[in-house]
Amino acid sequence: MSVRETIEKRRSVRQYDPHYKISPETLATLIEGASKSPNGNNIQATRYLVIDEPYLKNLLLPIAFNQQQVIEASVLIVILGDYQAFEKENIIMIHEDEFQKGYFDASEII
């Protein structure tokens, strides 16, 4: 199936098997893939908070407008944005680190 077909056929899932448990390895692979998606200046301005404790999921239920999939899902992944990631000092530090690791050389600096 092409990427376009996949996008066009995607559907929102509202019901989960409450007995199914996603493996930590699968979860780590999914988060790793998501964390490598393209973004401005290659700044990974997101953090992923994995919630699998029933008590914590129940605490989040009212915030999620009482949607039952919050407590039925094997895990919740809360994506947090880092508002300070795009501050000039942070961008300079990230680019310096990339330069030191050899991701680009001086000829690519504008």
Spell out, as yes or no, whether a donor-acceptor pair under 3.5 Å connects the side chain of T46 to the backbone of G81.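 Pair absent, no side-chain N/O of T46 close to backbone of G81.
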Side chain of N58, backbone of P54: donor and acceptor closer than 3.5 Å?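 Flag set: sc N58 to bb P54 pair under 3.5 Å.
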Would [X] and [Y] show up in the same hydrophobic cluster when neighbours are defined by side-chain heavy atoms closer than 4.5 Å?
X	Y	answer
L49	V75	no
Y55	I63	yes
L80	V50	no

Can you name the one residue among I31, I51, L30 that meets side-chain contact (heavy atoms from CB on, under 4.5 Å) with I77?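 Among I31, I51, L30, the one that satisfies the side-chain contact (heavy atoms from CB on, under 4.5 Å) with I77 is I31.
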Under a plain distance cut-off of 3.5 Å, with no hydrogens placed, do T26 and S23 share a side-chain donor-acceptor pair?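 Yes - a donor-acceptor pair under 3.5 Å links their side chains.
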Straight-line distance of [X] [atom1] to [Y] [atom2], nearest 0.5 Å:
X	Y	atom1	atom2	answer
T6	R10	OG1	CZ	12.0 Å
L61	Q68	CG	CD	5.5 Å
L56	I71	CG	CD1	13.5 Å
D17	S74	CG	OG	9.5 Å

Mark yes when over 12 heavy atoms from residues, nucleotides or ligands other than E5 sit less than 6.0 Å from its CD; otherwise mark no.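 It does: E5 CD has more than 12 such atoms within range.
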Could you report the tightest heavy-atom contact between [X] and [Y], atom names first, then the distance?
X	Y	value
V70	A64	CG2-CB, 3.5 Å
R11	E8	NH1-O, 3.4 Å
Y16	Q69	CE1-CB, 3.3 Å

Decide, yes or no, whether a salt bridge links K57 with E53 under the criterion of side-chain N to carboxylate O below 4.0 Å.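 Salt bridge: no.
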List the steps, then state whether side-chain contact (heavy atoms from CB on, under 4.5 Å) holds for R14 with Q67. CA-CA 9 Å; R14 299 284 180 209; Q67 296 178 75; 3.6 Å; yes
Begin with the C-alpha distance, continue with both residues' side-chain angles, and end with the deciding distance and a verdict on side-chain contact (heavy atoms from CB on, under 4.5 Å) for Y48 and I79. CA-CA 5 Å; Y48 301 87; I79 302 173; 3.9 Å; yes
